[in-house]
Amino acid sequence: MSSYGPEQRTLLESQAAPLYEAAVTEGGLRVDDPRVADGAETRPAFDLLLELGLLHLDPEGASYLPEDPASVQSRVVSPLSQDGSRLLEESSQWARAFGGLAQTWRRAPQGERGGPFTYLRDHAISTYLEGLVAEVEEEMLTAQPQAGRDAATLEAAARRDIAALDRGVRIRTLYQHSARRSTVTHRYVASVTERGAEVRTLDEFFNRMIVVDRRVAVIPGGDDLRVAIAVREPSVVAYLVDVFERAWERGRAFTNKESSLLKDIAVEQRQMTIRMLIEGHADPVSAKRLGVSPRTYAGYVADLKDEYEAETRFQLGYTMGRLGLSGTDADAESAQGDDAADRER
């Protein structure tokens, strides 16, 4: 039996099925029935029913009788399933073949016309990253500023990263402290840390980055996230890895929920807000640096106004300047000392 495609299925669903139902209801279709006559509108549907074996001519040659669909289905569906399995296997073989070529292409020091730097735009970025992560053998370092990735994106990232972890790949990820307030990020972190990934958070702003096996790094191509740069120059990749490692040492474990740690994180975010105010950054810029929404950042500023009894930002800046605040660790130690003094009183 020949293989059937979407055109025949559409004809079966739209015209042949009602004609088959009529044959079942009426106990068959007579050979002189106008619905099966040559040139009839339903003739193509009738021919399909005959070809599929859903109608057959009775021994006396007077009527076309319906056949049980269950006895016909396997003759039609099984070949399609076999074709599907064959196509899936063939597509898998092709993917492996291209995967080998891609490894050769990416591992060559000057493997691409752009030399050690390749500019990627729009959808080419995700396509390149998927191939790159699929090839990771030992280690993947990622920095993800802000927690604004949607649930679908993080679910896809979780599946991709879990597959790498199951291959024995070590994954370390840096977020900003603000990611701790994201429910979908918590789900992602729980799923990957369960399999051995490590995730930490920082207060400071850092740019998005992915480094695979310390041989290829992908970084933004400026402020426009529609452009990325794949870097294969060993000295530049080593520099980026060093930047990551220094930030990693200062990070705090995402899975650590001790009250003392959460208090320290709140202090760090407060210090960062003070630095943004002192440096005179606009709210959108400051919010981006902290990895929060402008509304959340405005809430931080309002808290500082209440704390220092200031009605305006100018008064707040003046008061912090008079007190010598700079948003540094020294300020935090001084504040802790003041807290201790208050408790002693």
Side-chain angles (χ1 to χ4, degrees), residues 142-149 173-186 199-209 219-220 222-225 243-254 256-343 345:
T142 67
Q144 296 288 353
Q146 301 175 277
R149 295 193 293 172
T173 296
L174 275 171
Y175 281 109
Q176 287 175 276
H177 287 328
S178 57
R180 293 173 179 265
R181 292 191 296 272
S182 169
T183 302
V184 293
T185 302
H186 270 279
V199 182
R200 295 184 182 182
T201 64
L202 279 174
D203 63 327
E204 295 185 10
F205 174 81
F206 51 90
N207 235 328
R208 182 172 279 106
M209 178 173 67
I219 59 176
D223 293 334
D224 186 358
L225 295 181
V243 170
F244 180 93
E245 294 290 1
R246 291 172 186 269
W248 181 259
E249 289 302 318
R250 293 184 288 106
R252 300 177 182 273
F254 193 105
N256 188 338
K257 299 180 181 178
E258 295 177 3
S259 58
S260 60
L261 175 66
L262 297 179
K263 182 178 179 181
D264 289 343
I265 288 174
V267 169
E268 289 178 3
Q269 290 187 304
R270 176 182 180 277
Q271 292 173 308
M272 187 73 172
T273 303
I274 291 174
R275 291 201 297 274
M276 294 297 97
L277 286 168
I278 291 173
E279 293 171 11
H281 296 293
D283 280 10
V285 174
S286 299
K288 182 178 179 181
R289 291 281 295 271
L290 278 161
V292 298
S293 68
R295 182 176 180 179
T296 299
Y297 177 75
Y300 291 168
V301 175
D303 290 342
L304 287 172
K305 285 182 181 179
D306 291 340
E307 182 179 344
Y308 291 103
E309 299 179 349
E311 295 183 3
T312 66
R313 291 197 183 197
F314 177 79
Q315 289 178 332
L316 178 61
Y318 174 79
T319 301
M320 291 191 297
R322 182 170 54 82
L323 295 174
L325 297 179
S326 60
T328 63
D329 291 338
D331 295 340
E333 292 173 2
S334 175
Q336 290 172 358
D338 292 341
D339 289 343
D342 291 339
R343 286 194 296 271
R345 295 191 192 99

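Starting from 1, each residue takes its place in the sequence as its number.
- In this structure, CD1 on I274 lies 5.5 Å from CG on L304, to the nearest 0.5 angstrom.
- To the nearest 0.5 Å, atom CG of residue L174 and atom CZ of residue R200 are 8.0 Å apart.
- Taking OH of Y300 as the reference point, atom CE of M276 lies at 13.0 Å (rounded to 0.5 Å).
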Problem set entry | Steps toward side-chain contact (heavy atoms from CB on, under 4.5 Å) verdict (L316, V301) | CA-CA 9 Å; L316 178 61; V301 175; 4.3 Å; yes
For this session: Verify side-chain contact (heavy atoms from CB on, under 4.5 Å) between T173 and F254, making sure each step is shown before the conclusion.
Result: CA-CA 10 Å; T173 296; F254 193 105; over 6 Å; no
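- Between the CE atom of M272 and the NE2 atom of H177 there is a distance of 10.0 Å, given to the nearest 0.5 Å.
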For this session: Take R252 and R180 through the test side-chain contact (heavy atoms from CB on, under 4.5 Å) and record every step on the way to the result.
Result: CA-CA 11 Å; R252 300 177 182 273; R180 293 173 179 265; 4.0 Å; yes
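- Taking each heavy atom of K305 and T312 in turn, the nearest pair found is CE-C, 4.0 Å.
- In this pair, F244 and W248 present their aromatic rings parallel. The plane angle is below 30°, not in the 30 to 60° band.
- Rounding to the nearest 0.5 Å places CD of Q176 at 11.5 Å from OG1 of T185.
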